[in-house]
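Since the structure is predicted, the reported quantities are computational estimates derived from the model, not experimental observations. The figures that follow rest on heavy atoms only: side chains count, while hydrogens, waters and symmetry mates do not. Just so you know, ligand 1 is whichever comes first in the structure, and atom 1 is the first atom listed for that ligand.
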Amino acid sequence: MRGRTELPAWKALAAHRDAVADANLRDLFARDSHRGERLTAEAAGWYLDYSKNRIDDEGLRLLLALAGECKVRERIEAMWRGDKINLTEHRAALHVALRAQTGESFVVDGVDVVPEVHATLARMAEFSERVRSGEWKGHSGKPIRAVVNIGIGGSDLGPVMAYEALRHYSRRDIAFRFVSNVDGTDFYEAVRNLDPAQTLFIVCSKTFTTQETLANAHAARAWLLQSLGDEAAVTKHFVAVSTNVAEVAKFGIDPANMFGFWDWVGGRYSMDSAIGLSTMLAIGADHFRAMLDGFHAMDAHFRRTPFAQNLPVLHALLSVWNTNFLGTESVAILPYDQYLKRFPAYLQQLAMESNGKQVTFDGARVDCATSPIWWGEPGTNGQHSFYQLLHQGTRRVACDFIGFHQSLNPLGDQHTVLLANLIAQAQALAFGKTADEVRAEGTPEALVPHRVFDGNRSSNVLFAERLTPHALGALVALYEHSVFVQSVIWNIDAFDQWGVELGKQLAARIVPELQNTDAGLKHDSSTNALIRRLRPRRDGI
Ligand code: F6P
């Protein structure tokens, strides 16, 4: 198969990039006084202003042509049809079915999966209501006052992100904690001050074989039983979310206390499945449904809207432009909302575990760069930290600014100040400040170069009215679909993650070598030396 760089639209984009290499955002805005209104799109309550990307109309036209040549439309339909688009694992990637509405149908292997999805949601809602109302009692008859989610990767990042994002809507009389790391500190600190008699553990693991999660789940059971002293207590204090009923039973959790999902839900695409049980416990079933409606609204937009107005498609194509044609190596996610503080971490897994790939579907080396590095922090905090590099560093970073018209916690004029900062940062990145402008401020000549802002740095601005469950669902779906479209352009499998395997295998071999100080070591000299060095220390403590 031809590499992507051989496609006519790719070649045309490369030529176009060279032709407009000198084009500057100042010029692009000067040439078109409506650019800031024209290069925008709206869907599912979200407004995207992409005018501050270094691209002109011809570049956009060619990107849309590239989407056509890469068969983005056909791949979207394949996803919706339940085709096994995760080729290397021979699975469908049908997270859109998780937010299907009544009357819709999604078919995997000849079976409509929507009734099962809705049945699971109904069970989750019933369980959540019982816990929230106090009807579900712990082993000693007390109501649940703490929920601890144990999981890692997609079984942690979505739940913790959603809990933090929707905290405004959450029950404040129930504590929510999240344990992911195999570092005992994570568990230890999470259960500190909790009463075992009033604590519910949700063990989330698609496979139920993940080392970290099982270690923490065993620690949780020991912690519980040490206090309650009766094996029977596990039934009242543990539920599982998994696709693997056999392993759940083996661990000792009653399958009646298990909420299932399916192999066609990727871990990093699972926060709206039963993996979101902690979210539902926190915000209630109605808010959870509103979140699913938000996902669904963006799904419908993604599937039906022409690409020139399609938020996820435009977002993805601009990322491809920045990555493959302008050489941008990273994407900064900059939410101007403290509730979204875990959103960058969530997107790191979504984007980089999906698209951090080096071979195409047929196993050939890609002939272009794939996923950039995603990272970020909420504004305005980042402004007093790494924004220096965004404005004057030698590396180009594509920025996504995310904000809301209304604050959930108005405090004097602080929300106005927050929004002003968001707008100002995007403006400063785009237009900078020239040497003449710096001089005109009376700056001493020696300082002029230090105070120049080159500008011409790309960003997107995303706005919604308020941070609601619906808005969060739509925002997550936007990024899910953008990541998918990018994978289609790069011709890579967005739904496998073979790159996480080697480290896991090696660690499994090293654990006994650290425990057994007599074991011979047959690694490279560095690994051997590290193991030897850590053996006596461990023993000495
Ligand atoms: O190791 C990576 C990974 O497989 C992720 O893709 C996944 O989200 C995470 O581990 C947790 O997996 P599980 O839900 O099966 O415990």
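- Side-chain atoms of Gln497 never come within 3.5 Å of backbone atoms of Glu353 as a donor-acceptor pair (strictly under, hydrogens ignored).
- More than 12 heavy atoms of other residues, nucleotides or ligands sit less than 6.0 Å from atom CZ of Arg509.
- For Phe495 and Tyr269, the gap between ring centers is short of 6.0 Å.
- In this structure, Lys504 counts as a contact residue of ligand 1, since one of its heavy atoms falls inside 4.0 Å of the ligand.
- At a heavy-atom cutoff of 4.0 Å, ligand 1 is contacted by the side chain of Val500 but not by its backbone.
- In terms of protein heavy atoms, atom 8 (O) of ligand 1 is closest to Gly154 N, 2.7 Å.
- Proximity of Gln349 to ligand 1 is established by a heavy-atom distance of less than 4.0 Å.
- Arg177 CZ: more than 12 foreign heavy atoms inside a 6.0 Å radius.
- Below 3.5 Å of separation, one finds an N or O of Glu353 facing an N or O of ligand 1.
- Distance from atom 15 (O) of ligand 1 to its nearest protein heavy atom, with residue and atom name: Thr207 OG1, 2.6 Å.
- Judged by distance alone, with hydrogens and angles left aside, the side-chain atoms of Thr328 form no donor-acceptor pair with the main-chain N or O of Ser330 at under 3.5 Å.
- Taking atom 9 (C) of ligand 1 as the reference point, the nearest protein heavy-atom neighbour is Ile152 O, 3.6 Å.
- Atom 1 (O) of ligand 1 lies below 4.0 Å from at least one non-hydrogen atom of the protein.
- By the side-chain contact (heavy atoms from CB on, under 4.5 Å) test, Asn149 pairs with Pro159, Phe178, Ile202, Cys204, Ser278, sequence neighbours left out.
- Residues Tyr479 and Phe343 bring their aromatic ring centres within 6.0 Å.
- In terms of protein heavy atoms, atom 12 (O) of ligand 1 is closest to Thr210 OG1, 3.5 Å.
- Atom CD of Gln226 has 12 or fewer heavy atoms from other residues, nucleotides or ligands within 6.0 Å.
- Polar contact with ligand 1: absent for Cys204 (N/O pair, distance under 3.5 Å).
- Remark: ligand 1 atoms within the under-4.0 Å shell around heavy atoms of Gly153 are 8 (O).
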